[in-house]
Amino acid sequence: MSDALREELERIAGVLGAPNVSFVLERPRGEGHGDLATNLAMVLAGPLRSKPRTLAERVLEELKVGHGLVARAEIAGPGFINFWLSSDQLIKTVEEILEAGSDFGRSTLGNGRRVNVEFVSANPTGPLHVGHGRGAALGDGIASLLEWTGHDVTREFYINDAGVQVGRVVESLWARMRQALGEDFPIPDGGYHGEYLIEAAERALAELPAASIAPPLEAAAPALREFILRVQREEQDALLLDFGVRFDVYGSESAMHEADRIARLLEQFRDRGLTFEADGALWLRTTDFGDDKDRVLRKSDGTYTYLLPDIVYHADKHDRGFDRAIDVWGADHHGYIARMRAALAALGYPPEFFEVAMVQLVKVMKDGEEVRMSKRAGDFVTLRDLCDWVGADAARYFFLMRRGDTPFIFDVDLARARTEENPVFYVQMAHARMSGIFRVADIDPERVTGPFEIAALTAPEDTDLIKTLALFPGFVERAAEGREPHRVTGYLEDLARQVHGWYHRCRVLGEPPATEHARLVLARATRTVLANGLTLLGLTAPDRM
RNA sequence: GCGCCCGUAGCUCAGCUGGAUAGAGCAACAGCCUUCUAAGCUGUGGGUCGGUGGUUCGAGUCCACCCGGGCGCACCA
């Protein structure tokens, strides 16, 4: 409902001689400042060389107060203009929600721009841990926000199936197999100690043809490599599916090692004079593009660094027609951003093509104490554990409710609580309560529609609720722009709080017919917004709990 | 040492891109069940926004320098 007013204010700014000024139209914090407030007059003061309060008066002369949009307006403080919306606007808002239904909150802001969101991208060497869960929730949330704001989104997972780590996991698996056969065989230095390889070793021995896995390791390695990559990928995908995340595309690191892809990229750099040889290695002049130091592309032993195929991969995203590539990375990779950015700048891509959403470390609190984790010993909380403890909905919500770039302590006890303290529960409960009204009345909410009388909404809570519902699309937009799903969870918690209060104080069923009908309409609209928010974040919106 | 992120109520965190008297949840205290889910609602107390300067009509928000914490600084991935 603020859209119409915003357009009107933009028009007036033009009339006064300052089109394209950027001003804020927002719901003011304090009571008594109206439903919406703008700083337009203060922003105009500079370019128009006039006093804010004088300009505010001129704005109000242009805006026909009392007709349509605004019931009342006043100038306050240093030059704010506060607006009280007309009841027509409130009715319109509710009708808009009913009409848009599960699309309410969507916008076309992105103009169909093609965005690639790459996340999780875990090594296929072991189970996903809680950190991957956070990346999965955040990546999927960002992707979803971009979809809601009119972008053409591809969710992508990059499989690191080419590096040394794969060799290590094969060696470790081999060690576990020898151990299973009764030999005293150590896990190599830098190998994987996790227990999952004990199981995998048994499966390998049982399932693979004996000839293909007979010693020596060098002979068995190809079969084991294929086996462990497949098993790990299958497990990761099954878990991610349970977690509610689907990918459109799986990129493969080994595919990026193809000789002519690499050659083509190196040629581009060479043509621009950006590579040089030193100490037997091939370097890229990333310092020309803001990096701290130049980076090695091809090591002196002839193999590639991780960076080179990764540049190929990002160039591939560009060639596939994406306007933007957003990578969700763990904090431990953040030193890597500058060199990737530099490499892509070296290829001549616009700076906004590549973007990194950072995900900081996750600690897990359970039974009141921190769960110790050591990745080297293979001893960490897996995403599977977490989902078993608290369920996928709670896990996702918790990861989404905090900004990604700050360390996060996952409180397992809180996440599994079925009480008001648990925000997931609290929000879902609000939805269930709205559904409950229709269940008790034995009415299909989809069939509650049509005009209602604003005067029949007798409590201030009624209209306050409508005003909050109207804010949803704005929150989705800002969350999408900032890649900040936590704005949506924050909104949902505020809304849920208000919904519980409304539910408590404003009876629906059994009120006079006009009021009952108006509140049923409002309950339906509320249920829609709650459901849309939850769905957007990849959560269920239960009808009863 | 250098770079990036962070520092807001006792605790966990928001703060709409520079706006009005800095908010919410826990925790503490005090109330509220003839109810469409008490699995809930309402009220109260609680702050030098890490510090010091600066930019301007106006700073939690922007700049500089300190203090304190996290992460990163490979011919690893």
Side-chain angles (χ1 to χ4, degrees), chain A residues 22 24-33 37-39 42-43 45-46 51-52 76-80 82 123 125 160 162-166 168 190 253 278-283 291-293 295-307 310 330-338 358 360-361 401-409 411 414 417-423 425-426 428-430 432-441 471 474-475 477-479 481-482 484 486-487 489-491 493-494 497 500-511 516 519-520 523 544-545:
Chain A
S22 121
V24 174
L25 178 66
E26 65 181 2
R27 178 132 89 146
R29 264 197 279 267
E31 293 293 315
H33 294 303
T38 183
N39 64 350
M42 287 182 283
V43 175
K51 285 186 191 156
F80 289 100
N82 298 329
N123 285 334
T125 53
N160 297 123
V164 227
Q165 296 308 320
V166 177
R168 294 232 172 98
E253 184 187 356
D279 307 324
L282 182 70
W283 298 69
D291 197 6
D292 300 342
K293 45 182 295 190
R295 304 293 172 176
V296 171
L297 296 176
R298 192 180 59 221
K299 299 181 242 176
S300 52
D301 67 1
T303 62
Y304 307 128
T305 58
Y306 183 79
L307 180 63
D310 209 12
D332 54 336
H333 284 71
H334 101 241
Y336 193 78
I337 298 174
M358 196 64 75
Q360 288 279 354
L361 202 83
M401 74 183 178
R402 298 283 176 253
R403 0 178 357 117
D405 59 10
T406 144
F408 178 56
I409 300 169
D411 186 339
L414 178 60
R418 298 183 59 73
T419 65
E420 51 169 317
E421 294 128 54
N422 182 348
F425 176 84
Y426 191 74
Q428 289 183 323
M429 186 66 199
R433 283 193 145 163
M434 293 303 100
S435 300
I437 296 171
F438 296 99
R439 187 174 54 248
V440 168
L471 298 176
F475 271 88
E477 283 179 13
R478 280 191 300 276
E481 278 169 12
E484 297 169 322
H486 76 273
R487 287 181 189 274
T489 60
Y491 168 79
E493 283 166 46
D494 285 343
R497 189 169 20 261
H500 287 303
W502 176 77
Y503 179 88
H504 189 68
R505 253 183 269 147
C506 299
R507 181 95 199 151
V508 178
L509 304 179
E511 292 293 293
E516 178 180 285
R519 287 199 173 136
L520 277 170
R544 63 195 316 166
M545 300 183 72

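Computed over heavy atoms, backbone and side chain alike; hydrogens, waters and symmetry mates excluded. No experiment lies behind these values; they were computed from the predicted model shown.
Each of G40(B), C36(B), A77(B) was ranked by its minimum atom distance to the side chain of H504(A); first place goes to G40(B). The T406(A) side chain lies nearest to A14(B) when the options are A14(B), U37(B), A39(B). Minimum atom distance to the side chain of D405(A) is reached by C6(B), of the listed C26(B), U37(B), C6(B). Among the nucleotides G19(B), U37(B), C16(B), the one closest to any side-chain atom of M42(A) is G19(B). Residue R497(A) has its side chain nearest to A24(B) when only A24(B), U12(B), U37(B) are considered. The side chain of Q165(A) sits closest to A77(B) out of G40(B), A77(B), C36(B).
For A20(B), the base has a donor-acceptor partner in the side chain of N82(A) [N/O atoms by modelled type, under 3.5 angstrom]. You won't find any donor-acceptor pair under 3.5 Å spanning the side chain of D332(A) and the base of G72(B), going by distance alone.
Taking atom C1' in both A22(B) and C66(B), one finds a spacing of 25 Å when rounded to whole Å. When the P atom is compared between G18(B) and G60(B), the two are found 13 Å apart, to the nearest whole Å. Nucleotides C29(B) and C16(B) place their P atoms 34 Å apart, quoted to the nearest Å. Taking atom C1' in both G23(B) and G31(B), the straight-line distance is 23 Å, to the nearest Å.
No engagement by F438(A) is indicated, since no non-hydrogen atom pair under 4.0 Å with the nucleic acid exists. At the heavy-atom level, G490(A) lies nowhere under 4.0 Å from the strands shown. As judged by a 4.0 angstrom heavy-atom cut-off over every strand, A281(A) is placed among the base-contacting residues.
Contacts of A430(A) classified as side chain to side chain contact (heavy atoms under 4.5 Å, CB included), with partners at least two apart in sequence or in another chain: A496(A), V499(A), H500(A), L530(A). A338(A) meets the side chain to side chain contact (heavy atoms under 4.5 Å, CB included) test with D291(A); sequence neighbours excluded.
The backbone N or O of L509(A) sits less than 3.5 Å from a side-chain atom of R507(A), completing a donor-acceptor pair.
Among all heavy-atom pairs drawn from E493(A) and Y426(A), the shortest one is O-CE2, 4.1 Å.
Taking a centre distance below 5.5 Å and an interplanar angle below 30 degrees as the stacking criterion, Y503(A) does not stack against the six-membered base ring of G40(B).
Comparing K293(A) and F408(A) against RNA chain B, the residue whose closest nucleotide sits nearer the 5' end is F408(A). Comparing R544(A) and D301(A) by the nucleotide of RNA chain B whose heavy atom lies nearest to each, the residue mapping closer to the 5' end is R544(A).
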> How would RNA chain B look in dot-bracket form, 5' to 3', counting Watson-Crick and G-U wobble pairs with both distances under 3.5 Å and writing | for bases paired to another strand?
Replying inline: (((((.(..((((.....[...)))).(((((.......))))).....(((((..]....)))))).)))))....
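Contact annotation: Y336(A) side-chain N/O to C71(B) OP1/OP2 distance is not under 4.0 Å.
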